[in-house]
Amino acid sequence: MNFILQHTNAKTNARAGLIITEHGVIETPIFIPVGTKGVVKAVHISELEKDIYAKIILSNTYHLYLRPGIEILERSGGLHNFSGWKYPILTDSGGFQLFSLSSNCKIKQEGVEFRSHIDGSKHFFSPEKIIDVQRSIGADIIMAFDECIPSNTNYEYAKKSLTLTENWLDRCLYRFARTKNKYGYSQSLFPIVHGCIYKDLRVKSAEYVASKMAEGNAIGGLSMGETKEKMYEIIEIVNSILPKDKPRYLMGVGTPENILEGIERGIDMFDCIMPTRNGRNGQLFTKMGVINIKNKKWATDFSPIEIKSELNIDKIYTKAYLHHLFFSNEILALQISSIHNLAFYLWLVKEARKHIIIEKFSTWKQKMLINIQNKL
RNA sequence: GGGUAGUUACCAGAGCGGUCAAAUGGGGCUGACUGUAAAUCAGCUGAAUAUAUCUACGGUGGUUCGAAUCCACCACUGCCCA
């Protein structure tokens, strides 16, 4: 994997670049649709490619390890072959699941003992195991094993957790350096900055991560309950330390606003479940603001989902029809909403990139923020 | 004609003397959702000049301190027998 920094905004830290992988080139800033179990829920691969213009998708080590399991992934020739997605893939390490499924986990220095949420069976994840599993999945970008903690964690635990995450990072790097890819193309390992909401821990972590000279770096443990202002502040601190010539990935974020603010502060990659999950739950992100399509007022609105959209799906279907599909419990409702929202997110970062390159990012961002945050 | 079971909020349906404006589903309304155990979850859903008021469990009348709940008659519905 290579990163070419093409342009940095004169007044802000917003950047435009290229991530070059063996499965394709990704223009940054980029949004990564989340496909936890090797599929972006309710979205077909051809839709990802032709309607959404997705360039890379994310899957999850924990979930794929439990199902379908490593053997099937290896026999299929890796996740690209297995899923049919021939463009870049990034896998999350499963660190987030230690947080979201924490009731099933016992975290130790050596690794994590956990019970499967599917059948309750006992398993053990070490940093080494996480690298091995990610080798078997075969994503282009793989993530270090980290502990993800909520923003209200006390300083003592956050400090202890960071030490653990740093120790795990070293073990991930060691294992990564001593293993090979399984399917003939290279993989890149991204370390993850932690430190909760504590500035000194974030600085320490960012310096530690930067010292590893990885091919790209991630910021984790944000939007875990802290205010957005706090999150932006931490992004600024961390990005002032992370190397400029490598891509910076803000994990799990976020709202369209979060993404624009992140881009302004020098983030190149984002992922979030929001466009898909919220879409499935009836929330649509549009250029004019947010729509809850289940609200009664849309039942008789026969205008397109998004006015002035080049997206086919927005031209074909009206708000009233989509409202009807939700109320009729039709699968197509989830498909349309997911495609629309992902296409909106990808459109947003593409426009951001365009405006960074022509040095009009700030004014464009201000204008966008006014519109996209409306509640329609 | 005889017998029998029923009639409860938008719908289905529990309640069978007080703690009932009435369980539970469904439907409807409104929120929430940030590296996905999420096509999920939460709240509201008789009215109001809204903390103990009114109107409501088919209708009318009665028993009782008190009735959706007991009694009488009436209306309607299902089933069975002629």
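Note that the coordinates shown come from a computational prediction; the quantities given were computed from them, not determined experimentally. Note on naming: letters A, B, ... go to the chains in the order of the sequence lines (proteins, then strands), and numbering restarts at 1 for each one.
Within the 4.0 angstrom heavy-atom criterion, only backbone atoms of the sugar-phosphate kind lie near Phe327(A); the bases stay farther away. Among the protein residues, Asn104(A) comes within range of the nucleic acid bases, having at least one heavy atom under 4.0 Å from a base atom. Among the atoms of the strands shown, none is found under 4.0 Å from any heavy atom of His323(A). Within the 4.0 angstrom heavy-atom criterion, base atoms lie near Gly221(A). At a threshold of 4.0 angstrom between heavy atoms, the contacts of Asp271(A) are confined to the sugar-phosphate backbone, with no base atom among them. In this structure, Leu58(A) reaches the sugar-phosphate backbone alone: every heavy-atom distance under 4.0 Å involves primed, P, OP1 or OP2 atoms, never a base.
Contact between the side-chain N/O atoms of Asn278(A) and the OP1/OP2 oxygens of U40(B) is not found at any separation under 4.0 Å. At least one side-chain nitrogen or oxygen of Lys37(A) sits closer than 4.0 Å to the OP1 or OP2 atom of A38(B). At least one side-chain nitrogen or oxygen of Lys375(A) sits closer than 4.0 Å to the OP1 or OP2 atom of A32(B). Using a 4.0 Å cut-off, some side-chain N or O of Asn60(A) falls inside it from OP1 or OP2 of U36(B). In this model, the phosphate group of U40(B) is not approached by any side-chain N or O of Arg280(A) to a distance below 4.0 Å at OP1 or OP2. Phosphate contact (OP1/OP2 of U36(B), side-chain N/O of Gln97(A), threshold under 4.0 Å): present. Close to U34(B), at under 4.0 Å from its OP1 or OP2, lies no side-chain N or O of Ser223(A). Using a 4.0 Å cut-off, no side-chain N or O of Asn329(A) falls inside it from OP1 or OP2 of A39(B). Between Ser100(A) and U36(B), a side-chain N or O to OP1/OP2 separation shorter than 4.0 Å is absent.
Within the model, atoms OG1 of Thr163(A) and CD of Glu147(A) stand 10.5 Å from one another, a figure rounded to the nearest 0.5 Å.
The separation of A12(B) from G17(B), taken at their P atoms, amounts to 25 Å, rounded to a whole angstrom. Nucleotides A68(B) and A82(B) place their C1' atoms 36 Å apart, quoted to the nearest Å.
Of all nucleotides present, only G3(B) satisfies the Watson-Crick or G-U wobble test against C79(B), with each distance under 3.5 Å. The partner of G43(B) is C29(B), by the rule that a Watson-Crick or G-U pair needs both atom distances under 3.5 Å.
Glu359(A) and Lys11(A) are not joined by a salt bridge, as no carboxylate oxygen comes within less than 4.0 angstrom of a charged side-chain nitrogen.
Ring centroids of Tyr87(A) and Trp85(A) are separated by less than 6.0 Å, placing the two rings close together.
Ring geometry for Phe125(A) against Tyr62(A) counts as perpendicular: the plane angle is over 60°, on a 0 to 90° scale with 30° as the lower cut.
Put simply, the side chain of Ser151(A) gets close to the backbone of Met224(A): a donor and an acceptor are under 3.5 Å apart.
With U36(B), A39(B), G31(B) as the candidates, the nucleotide lying closest to the side chain of Asn292(A) is G31(B).
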